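As the structure lists them, so they are numbered: ligands from 1, and atoms in each ligand from 1. It should be emphasised that the depicted structure is a prediction, and the values quoted were computed from it without experimental measurement.
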Amino acid sequence: MPNYFLSANTSSEQSLAIERSIRTAIPDLIKIANLEEIAKDIANHPNAPTYILVAGPADNAAYIDRFVDIATQQLGRFFFILISADISTGNYKRLIRTGNADWVSVAGAPQEIAEIFAKRRSNSALAEKASVEPEKPTTIAFLPAAGGVGNTTMVTEIGTWLKTQKANKDRRICVVDLDFQTSHICDYLDVEPRLQIQEVSENPDRLDAQLFDIFVTHHSSGLDVIAAPRSKFDIASLNMGALDNLFEIIAKRYDLILIDLPVTWFAWTVDIISNSNAVVVTGINTIPCLRQLAQTLAVVRDARPGLPQDKVAVVVNRCDRTLLGGVERRQHVQSVLGDEQVFYVGNDSAALVESANTGTPLALSGGSRKTIKEISTIAEYCLGANAPNVKAA
Ligand SMILES: Nc1ncnc2c1ncn2[C@@H]1O[C@H](COP(=O)(O)OP(=O)(O)OP(=O)(O)O)[C@@H](O)[C@H]1O
Ligand SMILES: [Mg+2]
């Protein structure tokens with residue numbers, strides 16, 4: 001796999017320092033003076049993925065525009081990684097939306113580059129395996145271990161994030177809110193819920209494609225939302241046949257279905273979990289919640305014996321950060337959850353509470369690069385969950 005290193009608009013001293021640091025992780029780096037040199041060399045590696053690592057300036061508008069332009073035109077042949085001082089969240093989003101570029105900080109370069117390589121390797125394995133059954137939608141059930149841990153935030157952010165990525169423009173994605181009594185997905189997206197769940201439950205046979213259309217809310221990001229207005233409707237009496245009909249239509253309409261489950265366990269929760277490709281259990285990093293996470297995982301595995309290890313994941317949300325950017329009390333998570341596959345999401349109240357209050361998810365507003373990276377990693381896991389037995393990124 002050829003990896004090229006190009007220095008653009010940086011001092012030669014800085015460029016040398018960056019090159020030296022990334023050579024520790026990528027010893028066979030090929031240094032080039034301009035992109036044209038790749039054209040000569042590429043004939044030697046016709047099918048290998050090619051990474052182009054560029055040491056460049058941070059937040060130079062003209063430079064980022066050019067970078068985005070070049071990355072956009074690559075059609076997946078090359079992948080660009082900009083190595084620079086801090087860039088704005090807006091510029092970061094522009095880079096990764098191309099689908100052919102990413103950014104790493106000068107300080108974190110060797111390790112963050114290795115992470116990008118690993119993530120992309122794993123994603124292409126997932127995509128290859130998923131293509132075995134391209135017709136089937138991918139369904140992910142998000143199950144909170146406790147109330148208020150950010151289950152709805154994850155579903156909403158992941159859905160909108162995916163929908164705003166160029167690569168997913170044609171992918172039909174929906175979120176389904178099964179938290180009927182305290183439903184709040186629509187508040188987070190500033191749209192109106194349209195599903196009449198009581199009507200569906202009372203007259204399950206009436207639900208057809210036409211009626212379903214009336215029940216769907218379209219968000220400006222392209223994400224579809226299937227959610228009912230909050231009501232004290234007795235969820236325990238929800239007609240299972242009605243829920244079956246609803247999901248049968250949803251499965252025909254969408255490629256990716258993200259389900260927001262309520263914290264309370266109902267008889268139909270088992271059905272939802274049994275029909276999902278993966279289950280993501282959400283919680284926070286406190287000892288009581290870690291215990292609830294462990295118990296919820298046990299209940300999930302009990303309800304769905306044989307569910308492969310990599311089809312269950314945990315999101316530990318609202319994590320505090322150490323001074324060096326790591327996760328505070330990570331060892332607590334590891335001691336309670338052992339080998340579970342865990343995704344960490346940092347506490348980003350400035351952005352996430354603001355995003356909830358204004359009904360504008362991070363994909364469309366601000367947020368720290370770190371939070372966006374963390375959410376996009378879970379989103380990619382969701383996309384690949386249809387693949388049989390592949391370890392997630
Ligand atoms: N990573 C985070 N950092 C900071 N605040 C967060 C984070 N994730 C979620 N929040 C905030 O936590 C609050 C609860 O989140 P959310 O409504 O998604 O939780 P929930 O699990 O769906 O709750 P419920 O049990 O009511 O359904 C919201 O105000 C949300 O903005
Ligand atoms: Mg919720």
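The only member of D65, D102, D69 that meets salt bridge (Lys or Arg N to Asp or Glu O under 4.0 Å) when paired with R94 is D65.
With hydrogens and angles left out, the side-chain atoms of T371 and S368 include a donor and acceptor closer than 3.5 Å. Side-chain contact of N317 with T282: a donor-acceptor pair under 3.5 Å is absent, judged by distance alone.
Enumerated by chain and number, the residues approaching ligand 1 to less than 4.0 Å through a heavy atom are G147, G148, V149, G150, N151, T152, T153, D179, H184, Y188, N317, R318, V345, G346, N347, D348, S349, L352, V353, A356.
Within the sub-2.8 Å shell of the Mg ion (ligand 2), the protein contributes these N/O/S atoms: T152 OG1, H184 NE2.
Aromatic ring centres of Y381 and F343 lie closer together than 6.0 Å.
Atoms CZ and OH, on R171 and Y254 in that order, are 15.0 Å from each other to the nearest 0.5 Å.
In this structure, R97 has no salt bridge (Lys or Arg N to Asp or Glu O under 4.0 Å) partners at least two apart in sequence or on a different chain. Contacts of S349 classified as side chain to side chain donor-acceptor pair (under 3.5 Å), with partners at least two apart in sequence or in another chain: N347.
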Run the salt bridge (charged side-chain N to carboxylate O under 4.0 Å, His left out) test on R230 and D187 for me, step by step, so that the C-alpha distance in whole Å, both residues' side-chain angles and the decisive distance to 0.1 Å come before the verdict. CA-CA 11 Å; R230 272 185 290 276; D187 296 312; 2.7 Å; yes
Go through the steps for E340 and R301 under the test salt bridge (charged side-chain N to carboxylate O under 4.0 Å, His left out), then give the verdict. CA-CA 12 Å; E340 297 291 352; R301 293 218 164 84; 2.8 Å; yes
